[in-house]
**Q** 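Before anything else, here's the structure in question.
Predicted, not measured: the structure shown is a model, and the values here were computed from it.
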Amino acid sequence: MNYIPLDDFKYAWAFRHKDLPVTPDDLSKIKPMSEARSANLWSIFISKEKDHPDFFDNKDWVGNSKSWSSTVKWETHWENDEALPLEVVEHLDWDENTVVYFCLSRKYVIETTWSVFKRTWHNFLFMNDGSILIGKKRHQAVQFLETGYAKLGKKS
């Protein structure tokens with residue numbers, strides 16, 4: 001089994017927040033991966049050794065400062081209920097139906113589409129503890145930090 005029901009996901013509350021409603025159609029496209037599938041994706045695309053963003057070092061592309069080209073403040077947009085910062089959207093420049101992975105840790109990865117992520121990014125960013133957004137067959141990446149900033153870069 002590659003996915004678990006959203007209701008069984010540890011962070012499902014983020015998508016059921018009363019002040020940030022998510023449409024039933026979008027909810028159906030937010031797919032938490034099973035722990036085994038999350039670990040596999042994490043090992044392939046994020047880190048073979050580290051389990052969580054807190055532990056990255058320069059052996060991991062995410063921990064290497066050369067992977068990141070710039071930063072942008074996302075928190076102000078989030079607090080003011082605005083759209084995802086334009087710098088993030090322009091950096092990613094993905095088709096609406098691009099499959100994206102919101103990677104919290106080796107145990108927790110959520111799959112959705114770029115269009116759903118953009119509409120529901122406020123909900124996703126309740127989980128901003130170094131979470132990494134990558135796209136299927138894409139090189140661009142964003143890491144959302146709890147400082148209110150996001151690092152824009154490319155995965156290697």
Side-chain angles (χ1 to χ4, degrees), residues 2-4 6 8-17 20 22 29-94 98-114 116-156:
N2 287 333
Y3 306 99
I4 61 171
L6 185 58
D8 294 345
F9 185 56
K10 177 180 181 175
Y11 301 103
W13 61 267
F15 303 103
R16 304 216 188 287
H17 196 282
L20 296 170
V22 178
K29 295 173 184 158
I30 297 170
K31 304 186 300 190
M33 293 183 171
S34 68
E35 193 170 320
R37 174 106 164 106
S38 292
N40 185 52
L41 187 133
W42 184 273
S43 292
I44 292 170
F45 296 111
I46 306 297
S47 175
K48 291 186 183 338
E49 297 178 16
K50 307 297 190 266
D51 292 339
H52 188 274
D54 288 346
F55 307 117
F56 293 138
D57 57 32
N58 61 7
K59 293 179 195 167
D60 302 300
W61 71 266
V62 184
N64 187 331
S65 61
K66 293 179 183 176
S67 298
W68 305 106
S69 57
S70 62
T71 59
V72 61
K73 188 150 181 74
W74 63 262
E75 192 171 48
T76 305
H77 294 264
W78 191 88
E79 289 172 348
N80 293 328
D81 201 24
E82 298 171 359
L84 190 62
L86 187 58
E87 297 92 338
V88 173
V89 174
E90 288 176 347
H91 171 71
L92 297 177
D93 190 30
W94 294 334
T98 298
V99 173
V100 301
Y101 305 108
F102 190 74
C103 307
L104 289 87
S105 70
R106 185 176 302 277
K107 290 173 77 172
Y108 302 114
V109 175
I110 305 169
E111 179 182 309
T112 193
T113 62
W114 177 227
V116 170
F117 182 85
K118 286 191 299 184
R119 284 192 298 274
T120 61
W121 78 279
H122 292 88
N123 303 82
F124 276 93
L125 284 219
F126 277 118
M127 304 166 277
N128 62 32
D129 188 18
S131 302
I132 303 145
L133 181 67
I134 58 174
K136 186 176 185 177
K137 299 182 181 178
R138 303 294 192 273
H139 294 288
Q140 303 97 324
V142 176
Q143 184 176 23
F144 295 97
L145 306 170
E146 62 184 22
T147 60
Y149 284 87
K151 297 191 297 188
L152 310 179
K154 294 194 177 198
K155 63 183 173 73
S156 51

**Q** So which heavy atom on A12 is nearest to which on L6, and how close?
**A** CB-O, 3.0 Å
**Q** Is S67 reaching over with its side chain to a backbone N or O of G153, donor-acceptor style, under 3.5 angstrom?
**A** no
**Q** Could you tell me which residues satisfy side-chain hydrogen bond (donor to acceptor under 3.5 Å, both in side chains) with D51, sequence neighbours excluded, listed by chain and number?
**A** R106
**Q** Apply ring-ring contact (aromatic ring centres under 6.0 Å, His included) to F126 and W78, showing your working.
**A** CA-CA 10 Å; F126 277 118; W78 191 88; 5.3 Å; yes
**Q** Nearest 0.5 Å, what's the CG-CD1 distance between N123 and I30?
**A** 6.5 Å
**Q** H91 and Q140: which non-hydrogen atoms are nearest, and at how many Å?
**A** O-CG, 3.5 Å
**Q** Nearest heavy-atom pair of W68 and K151: which atoms, and what distance?
**A** CZ3-O, 3.3 Å
**Q** For S105, check side-chain hydrogen bond (donor to acceptor under 3.5 Å, both in side chains) against everything at least two apart and list the hits.
**A** none
**Q** Could you measure the distance from the CH2 atom of W94 to the NZ atom of K118? Nearest 0.5 Å is fine.
**A** 10.5 Å
**Q** Using the ring centroid of each side chain, check whether F15 and F124 are separated by less than 6.0 Å.
**A** yes
**Q** Which distance, rounded to the nearest 0.5 Å, do you find between the CZ of R119 and the OG1 of T113?
**A** 6.5 Å
**Q** Flag the pair L125 / W74 as yes when at least one side-chain heavy-atom distance between them is below 4.5 Å, and no otherwise.
**A** yes
**Q** Please identify each residue that fulfils side-chain contact (heavy atoms from CB on, under 4.5 Å) with D129, with sequence neighbours left out.
**A** H52, D54, E146
**Q** Mind checking what makes side-chain hydrogen bond (donor to acceptor under 3.5 Å, both in side chains) contact with T120, not counting sequence neighbours?
**A** none
**Q** What pairs of residues pass the salt bridge (Lys or Arg N to Asp or Glu O under 4.0 Å) test when at least one of them lies in residues 75-90, not counting sequence neighbours?
**A** K73-E75
**Q** Main chain of V62, side chain of D60: is a donor-acceptor contact present, judged purely on distance under 3.5 Å?
**A** no
**Q** Describe, in one word, how the ring planes of F56 and W42 are oriented to each other, choosing from parallel (under 30°), tilted (30 to 60°) and perpendicular (over 60°).
**A** parallel
**Q** Evaluate the side-chain proximity of W114 to D93: yes if any heavy-atom separation is below 4.5 Å, no if none is.
**A** no
**Q** Under the rule for ring-ring contact (aromatic ring centres under 6.0 Å, His included), what residues qualify as partners of F45, not counting sequence neighbours?
**A** none
**Q** State, with a plain yes or no, whether a side-chain heavy atom of F9 is found less than 4.5 Å away from one of I110.
**A** yes
